[in-house]
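Below is one structure, written out as structure tokens; comments come after it.
Quick note: residue numbers are just sequence positions, from 1. Indexing begins at 1, ligand by ligand and atom by atom, following the structure's order. On a predicted model such as this, the values are computed, not experimentally measured, just so you know.
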Amino acid sequence: MKLLVCGGAGFIGSNFVRQRVVDHGDAVTVLDKLTYAGREENLADLRDREGFAFVRAGIEDADAVAQAIDGVDAVVNFAAETHVDRSIAEPDAFVRTHAVGTWVLLEAARAAGVRYLQVSTDEVYGSIEEGSFSESSPLAPSSPYSATKAGADLLVSSYFHTYGLQTVICRGSNNYGPYQYPEKLIPLMILNALHGDRLPVYGDGMQVRNWLYVEDFGRAIGHVLEHGAPGEVYNVGGPDECPNIEVVKRIIELTGADEGQLEYVTDRPGHDRRYSLGSEKIRALGWEPQVDFSQGLEQTVSWYRDNPAWWEPIRSGDYREYYERQYGSKIKD
Ligand code: NAD
Ligand code: DAU
């Protein structure tokens, strides 16, 4: 297959591109704006592979998209602003990328007559105290991040209904694994634990997330691309759920950090309490997760421990300013 992967230099996108190029022999063009979260280093091992190409551009750039889409079989769109805390502080880019960017990509896919897969999130359903969301649950997003992602999903569905564009949507639960930017809970806590920095837990730490190893999400997206039915939505939930405080305590154990580093801090405004996805539909299609949370977390801690060359430049750059604004304290070198 020949794929255009937008946002392929980010965390999940780069893991997906690696699977498609290495395991499936696909030709892949990555189109990525390289925001703070996108890094060419995430794709360094693929640079010289036959069929791999990289274009630096935003998905809202219609000319660049029209050039990059030429000759591909399908578009997979990961490109997004993805951090909920940043969407609360500065929602502008979320609206631009998710609304305008998705529209530009859909128009290009329609003009080229190619399939389109939108990568979405469990957050579009909002929070659920008990039970799990199915694909037909109503959308009830609560942050600027999830509201703009929900808007993008609706736009994608409208292109199926109105123009007959062959679309599919994959809604994943919380991903973790190698190459995740250390603003997200798990890599932030691992690096802070390893450096003796404080471990800032929001509110009472009893919010629950449904953890999905990044390679399992990549395999699910590939599976839906090959076997999904046009116009459908597929939930992709991880095998285990866990309250945040338990996640942080497991990281303390795995890194040998001190429990005294743990600190309860002011809660995130509008913080969703629990996410949970029912994944029967994609399981019936033949996918299931292969990595449970305890195994995946161990692998992830080892990857960060073994790859300081990947995270050192982040911790010494603009990230420090973000960190100080967000947490009101400095990180150690
Ligand atoms: P990420 O922040 O690591 O990467 C996002 C990538 O998109 C970066 O490479 C960035 O440079 C690029 N990008 C941002 N704006 C762009 C634009 N306008 N044009 C082109 N490229 C742009 O994010 P991630 O965690 O890998 O998430 C990827 C996708 O998966 C997102 O759509 C997200 O909503 C979805 N998702 C994430 C999770 C999760 O737990 N991380 C779970 C479910 C779904
Ligand atoms: O559910 C899928 C979503 O998961 C994706 O769509 C988003 O792109 C992704 O960022 C993620 O959103 P969350 O808000 O769930 O992830 P985050 O890693 O920011 O936070 C996970 C939980 O940990 C959440 O309850 C907030 C809490 N938290 C987070 C940080 C960064 C803390 O307690 N302390 C922290 O410092």
Quick check on contacts: which atoms of ligand 2 are under 4.0 angstrom from a heavy atom of Val201?
33 (O)
Out of Leu185, Asp272, Val84, Ile12, the nearest non-hydrogen contact to atom 17 (P) of ligand 2 is supplied by Leu185
Between Gln207, Arg274, Glu123, His271, flag the one that comes closest to atom 26 (C) of ligand 2 by a heavy atom.
His271
Could you find the nearest protein heavy atom to atom 9 (O) of ligand 1 and give me its residue, atom name and distance?
Asp32 OD2, 2.6 Å
State whether the side chain of Ser143 and the backbone N or O of Ser146 hold a donor-acceptor pair below 3.5 Å, judged by distance alone.
yes
Should you measure from each heavy atom of Tyr145, which atoms of ligand 2 turn up under 4.0 Å away?
5 (C), 6 (O), 7 (C), 8 (O)
Show me which atoms of ligand 2 lie under 4.0 Å from any heavy atom of His83.
19 (O)
Is Trp311 reaching over with its side chain to a backbone N or O of Tyr304, donor-acceptor style, under 3.5 angstrom?
yes
Below 3.5 angstrom, do we get any N/O pair linking Thr121 and ligand 2?
yes
Pro200, any N or O under 3.5 Å of ligand 2 N or O
yes
So for Arg171 against ligand 1, with non-hydrogen atoms under 4.0 Å, the contacting part is neither
For Met189 and ligand 2, does the shortest N/O to N/O distance drop below 3.5 Å?
no
Are any of the N or O atoms of Asp85 closer than 3.5 Å to those of ligand 2?
no
How about Asp318: does its CG atom have over 12 heavy atoms from other parts shown lying under 6.0 Å from it?
no
Between Asn235 and Gly278, is there a donor-acceptor pair closer than 3.5 Å when you use the side chain of the first and the backbone of the second?
yes
Shortest heavy-atom approach to atom 7 (O) of ligand 1 - which of Gly177, Cys170, Gly10, Ala80
Ala80
Is the closest N or O pair between Ile12 and ligand 1 shorter than 3.5 Å?
yes
Only heavy atoms count here, so choose which of Phe16, Phe78, Tyr275 is nearest to atom 29 (C) of ligand 1.
Phe78
Can you say whether the rings of Trp211 and Phe293 are parallel (under 30°), tilted (30 to 60°) or perpendicular (over 60°)?
parallel
Glu226, CD atom: more than 12 neighbouring heavy atoms under 6.0 Å:
yes
For atom 8 (O) of ligand 2, grab the closest protein heavy atom and report residue, atom and distance to one decimal in Å.
Thr82 O, 2.8 Å
For atom 35 (C) of ligand 1, closest protein heavy-atom neighbour:
Val119 CG1, 3.9 Å
Can you figure out which of Gly38, Ala79, Ala9 has its heavy atom closest to atom 22 (C) of ligand 1?
Ala79
Check: Phe217 N/O within less than 3.5 Å of ligand 1 N/O:
no
Below a 4.0 angstrom heavy-atom separation, can you tell me which part of Cys6, side chain or backbone, both or neither, approaches ligand 1?
neither
Tell me if a side-chain donor or acceptor on Asp26 pairs with a main-chain N or O of Met1 at a distance below 3.5 Å.
yes
Just to confirm my output: which protein heavy-atom neighbour is closest to atom 23 (O) of ligand 2, and how far is it?
Asn244 ND2, 3.3 Å
Crowding at CG, Asp73 (>12 non-hydrogen neighbours, <6.0 Å)
yes
Looking at Gln295, is its backbone amide N or carbonyl O close enough to the side chain of Asp292 to form a donor-acceptor pair, meaning the two atoms are under 3.5 Å apart?
yes
Under 3.5 Å: N/O of Thr121 near N/O of ligand 1
no
Should the ring pair Tyr125 and Phe133 be called parallel, tilted or perpendicular, given that the plane angle runs from 0 to 90° and is split at 30 and 60?
parallel
For ligand 2, is there an N or O atom under 3.5 Å from any N or O atom of Glu183?
no
Would Arg39 count as being in polar contact with ligand 1, using the rule that some N or O on each side must be under 3.5 angstrom apart?
no
Quick one: look up the protein heavy atom nearest atom 29 (C) of ligand 2 and list residue, atom name and how far away it is.
Tyr202 CE1, 3.6 Å
Could you tell me if any non-hydrogen atom of Tyr181 lies under 4.0 Å from any atom of ligand 1?
no
Below 3.5 angstrom, do we get any N/O pair linking Phe11 and ligand 1?
yes
Is there any N or O on Gly172 that sits under 3.5 Å from an N or O of ligand 1?
no
Under the 3.5 angstrom rule, does the side chain of Arg86 hit a backbone N or O of Tyr145 as a donor-acceptor pair?
no
I need the contact type for Asn77 against ligand 1. Using non-hydrogen atoms and a strict under-4.0 Å cut-off, is it side chain, backbone, both or neither?
neither
shortest atom 2 (C) of ligand 2-to-protein heavy-atom contact is with Asp122 OD1, 3.1 Å
So the atoms of ligand 1 within less than 4.0 Å of a heavy atom of Ser173 turn out to be 42 (C), 43 (C)
For the 3.5 Å polar cut-off, considering only N or O atoms, please tell me whether Leu31 and ligand 1 meet it.
no
For atom CD of Glu41, decide whether the heavy atoms of other residues, nucleotides or ligands shown that lie under 6.0 angstrom number more than 12.
yes
Between Glu259 (side chain only) and Ile252 (backbone N and O only), is there a donor and an acceptor less than 3.5 Å apart?
no
contact_flag Gly8 ligand 1 heavy-atom lt 4.0 Å:
no
Does ligand 1 have a heavy atom under 4.0 Å from the side chain of Tyr145, from its backbone, from both, or from neither?
side chain
Nearest non-hydrogen contact to atom 39 (C) of ligand 1 from the set Val55, Asn175, Leu43 belongs to Asn175
Under 4.0 Å between heavy atoms, the region of Lys149 that gets near ligand 1 turns out to be side chain
Ring centroid separation for Tyr116 and Tyr159, is it under 6.0 angstrom?
no
Are the side chain of Asn77 and the backbone N or O of Gln118 linked by a donor-acceptor pair below 3.5 Å?
no
Tyr275 N/O under 3.5 Å from ligand 2 N/O:
no
Applying the side-chain hydrogen bond (donor to acceptor under 3.5 Å, both in side chains) test to Glu183, which of Tyr323, Tyr36, Tyr322, Tyr319 qualifies?
Tyr36
Can you confirm whether more than 12 heavy atoms, excluding those of Trp103, are under 6.0 Å from its CH2 atom?
no
Heavy-atom contact check, 4.0 Å cutoff: does Ala93 meet ligand 1?
no
Among all protein heavy atoms, pick out the one at the shortest distance from atom 19 (O) of ligand 2; state its residue, atom name and that distance to 0.1 Å.
Arg268 NH2, 2.9 Å
Protein heavy-atom partner closest to atom 36 (O) of ligand 2 - residue, atom, separation in Å:
Tyr327 OH, 2.5 Å
Quick check: do Asn42 and Phe11 have side-chain heavy atoms less than 4.5 Å from each other?
no
Sub-4.0 Å atoms of ligand 1 with respect to non-hydrogen atoms of Ala57:
20 (C)
Quick check on Glu312: does its CD atom have over 12 non-hydrogen neighbours (other residues, nucleotides or ligands) under 6.0 Å away?
yes
